[in-house]
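Because the structure is predicted, anything quoted here is derived from the model rather than measured. What you see below is based on every heavy atom in this structure, not just the backbone, and it leaves out hydrogens, waters and symmetry mates. We name chains A, B, ... by the order of the sequence lines, and we start the count at 1 in each one.
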Amino acid sequence: MARILITSALPYINGIKHLGNLVGSQLPADLYARYMRARGHEVLFLCATDEHGTPAELAAAKAGEPVAEYCARMWGVQKDLADGFGLSFDHYGRSSSPENHALTQHFAGKLFEAGLIDEVSEKQVYSNADGRFLPDRYIEGTCPNCGYERARGDQCENCTKQLDPTDLIDPRSAISGSTDLEVRETKHLYLRQSQLKQRLSEWISSKEPTGHGYFDDASEQGNETPPAPPPLPPWPILTTSIARKWLNDGDGLQDRGITRDLDWGVPVRRGKEDWPGMEDKVFYVWFDAPIEYIACAAEWARGRPDSEWERWWRTDKGASDVRYVQFMGKDNVPFHTLSFPATIIGSREPWKLVDYIKSFNYLNYDGGQFSTSQGRGIFMDAALEILPADYWRWWLLSHAPENSDSEFTWENFQASVNKDLADVLGNFVSRVTKFCLSKFGEAVPAGGDWGAEEEALIARLQKGLAAYEAQLDAMEVRKSATELRALWVAGNEYLQAAAPWSVFKEDPDRAAAQIRLALNLIRVYAVLSAPFIPDAAAKMLAAMNTLDTDWPGDMRAALTALPAGHGFSVPDVLFQKITDDEREAWQTRFSGG
RNA sequence: GGGCCUGUAGCUCAAUUGGUUAGAGCAGAGCGCUCAUAACGCUUUGGUUGGGGGUUCGAGUCCCUCCGGGCCUACCA
């Protein structure tokens, strides 16, 4: 049995996430976690809300709540939605947890001891009206280059010119509109990532197709039950190319500011000691957020010995055989390939480094981007209001933006759900159970033997299963969905060829054997489909009146798990089809504006 | 500006990394079946792989160039 640590990128606390966020990290991570658990491996699957930073403070102010209360409330909202989508986290934590405060400060102290922290004095824009320093993006003004009046302090959206906030004509706060701005001197801590460039570069190289670092320890252990998963493939090009760009672009990897002048966050300390001159500052959210991956495990183990979570994270305390896989959207890649590893490596302590980073492109909505501000697209709460989670899970996973940005259209969604889920899988369950009920009653029928058709089906399923497993092991999400669907289709083809409804008239025993196989196939489908559509899988198992969720190793054996005489019930329709009227109504409702 | 990704059938995507005649699903057409959610199965139409040039015995795949779509560019996270 292997041990698999899985983390999903942390959703930012500010508001409800849309389907693009979901498919880019949490959902594929859940697919992988459910699959690995089903294969019998020990899985720790973690996620948490990312709560610090300026946007959280502003969102709280807008909601008229203290930021701590706002974050606590939104954590609850996001947790409920995650549960609604069947995301099977072992723990859903918070980056604001005491565990993360302590660990973030601990890492800062270790990095300081290693000489990897610089104190840098710099000038930043302060807004008197807002009572805060303004990040460059929160300063607006007229672009000196093109005259656009709503240029931001970092870049003009109109002419794309890179700007410095002091370049802007008539600068004002984007928060309040106030022009009462001044430049103040402030001191910040910088992580000297540039010192670790060589080390990081070599590490990234080892994960590329020509590298040799992707055969992790967990995959090299011999004859176990269950067998260890196959070696991890090279990292996605998307992951390594973004990392390379940041490593090599311009002067190479830049040192990074890891503190901010904010109230809400992890106070700057060196371990448990004060940090002179840093009394009113907090760590930058991108410093503390990835550390929450570790702290989240500590939260999970609250009230139990530290060894419980350290065996997942400390290579000196049992984590050396852990396989660690991260899931995220492409915007998160630099922080996971460089900044966080720099924190880990720079600490000179034996923390577990990530083994595989699965990154995703973006999901677009009907010809444009999802937009929170314009209410354009589908958000997690609205999605669950109109349809069960499995419908979304199936479509999103089978269309995951792995190679390029992909697009949600209602036509495609309707066609995919109706055909794949209702017609191919749902109808299979329906036709088999109803036929059995009418001819043999609500129990697995006895009599008859398998013949050539059954042998051919078993061989085909065995082959298809191997293909499905290979894609899931490689985290090829779309291809996994294709293989799963092919398994469903095989059942329908078999039924058509076997035609038990005809056979029954001449040879009821033979028909009984066919239906016995088909009923067993429903259970097998439930087990195999559960990582994608857990709720429907549970319904199928309930209808088959079984708790046997063993992953099929030998298909022949798996297809005899339900013996003759085993009672079952005909389930309700598994997947209701989406009608044209519904589709059109939703299309209108979610068009935004 | 720089970097990366991407363009394959009406639609959504493959193509074992340069190797026979570019394949699936959906949509369309035809046939079969009647257990089933008007479901299922079989057959079938549909391609100058964005345009042009080059390398090669051989190019969807490699190189150059042009066109289109997208992302990133370090103080939003």
Please state whether the phosphate of [N], meaning OP1 or OP2, lies under 4.0 angstrom from any side-chain nitrogen or oxygen of [X].
X	N	value
A:R485	B:A24	no
A:N403	B:A14	yes
A:K479	B:C13	no
A:R431	B:C35	no
A:K439	B:A36	no
A:R256	B:C75	yes
A:Y284	B:A74	no

Taking 4.0 angstrom as the limit, do [X] and [Y] come out as a salt bridge?
X	Y	value
A:E402	A:K358	yes
A:D535	A:R393	no
A:E182	A:R184	yes
A:K187	A:E122	no
A:R510	A:E453	yes
A:E140	A:R152	no

Quiz item: Going by modelled atom types, is there a donor-acceptor pair between the base of B:C75 and the side chain of A:Q124 at under 3.5 Å?
Solution: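 Under the 3.5 Å cut-off, the side chain and the base do form a donor-acceptor pair.
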Quiz item: Is there a donor on the side chain of A:E122 or the base of B:C75 sitting less than 3.5 Å from an acceptor on the other?
Solution: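 Yes, a donor-acceptor pair under 3.5 Å.
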Side chain of [X] only, please: which of [options] is the nearest?
X	options	answer
A:Y362	B:C72, B:C4, B:C35	B:C72
A:K577	B:U37, B:C75, B:C35	B:U37
A:K245	B:A15, B:G2, B:C42	B:G2
A:R260	B:A77, B:C75, B:C13	B:C75
A:S404	B:G70, B:A36, B:U6	B:U6
A:W246	B:A77, B:A74, B:C75	B:A74
A:F335	B:A77, B:C26, B:C75	B:A77

May I have the distance from [X] (atom [atom1]) to [N] (atom [atom2]), rounded to whole angstrom?
X	N	atom1	atom2	value
A:N21	B:C76	CG	P	18 Å
A:L134	B:A77	CG	P	13 Å
A:K419	B:C11	NZ	P	20 Å
A:Q576	B:A39	CD	P	13 Å
A:F340	B:A74	CZ	C1'	19 Å
A:F428	B:A36	CZ	C1'	11 Å
A:I522	B:C35	CD1	C1'	12 Å
A:Q471	B:A24	CD	P	17 Å

Can you tell me how far [atom1] in [N] sits from the matching atom in [M], rounded to whole Å?
N	M	atom1	value
B:U49	B:U20	P	16 Å
B:G47	B:U21	C1'	13 Å
B:G23	B:G1	C1'	41 Å
B:G70	B:A9	C1'	23 Å
B:C26	B:C40	C1'	16 Å
B:C11	B:G28	P	15 Å
B:G41	B:A22	P	27 Å
B:U48	B:U55	P	25 Å

Self-check item: N-glycosidic conformation, B:U21 - syn within 90 degrees of 0, else anti
Solution: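 What B:U21 shows is an anti base, its glycosidic angle lying more than 90° from 0.
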When we call it a touch if two heavy atoms are under 4.0 Å apart, what does [X] touch: a base, just sugar-phosphate, or nothing?
X	value
A:G15	nothing
A:S406	sugar-phosphate
A:L574	base
A:V573	base
A:G426	base
A:P500	nothing
A:K434	sugar-phosphate
A:D136	base
A:N427	base
A:N332	nothing

Exercise. Return yes if some donor-acceptor pair links the side-chain N/O of A:N492 with the main-chain N/O of A:V424 below 3.5 Å, else return no.
Key: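 Side chain of A:N492 to backbone of A:V424, a donor-acceptor pair under 3.5 Å: yes, one is there.
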Self-check item: Donor-acceptor contact present, side-chain A:S97 to main-chain A:R94, <3.5 Å
Solution: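 Confirmed, A:S97 side chain pairs with A:R94 backbone.
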Assigned partner base of [N], Watson-Crick or wobble definition, under 3.5 Å:
N	result
B:U55	none
B:U8	none
B:A36	none
B:A29	B:U43

Quiz item: Under the criteria of a ring-centre distance below 5.5 Å and an interplanar angle below 30°, is A:W501 stacked with the base of B:C35?
Solution: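 It does: the ring sits over the base of B:C35.
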Practice problem: By nearest nucleotide on RNA chain B, pick out whichever of A:L10 and A:L247 is the more 5' one. | Solution: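 The residue whose closest nucleotide sits nearer the 5' end is A:L247.
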Quiz item: Starting at the 5' end of RNA chain B, which residue's closest nucleotide do you reach first, A:Q254 or A:V489?
Solution: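 By nearest-heavy-atom nucleotide position, the 5'-most residue is A:V489.
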Quiz item: Would you say the ring centroid of A:F440 lies under 6.0 angstrom from that of A:F504?
Solution: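 They qualify: ring centres under 6.0 Å apart.
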Exercise. Establish, yes or no, whether the cationic atom of A:K330 lies under 6.0 Å from the six-membered ring centre of A:F360 and within 45° of the ring axis.
Key: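 Geometry flag: not set, cation outside 6.0 Å or 45°.
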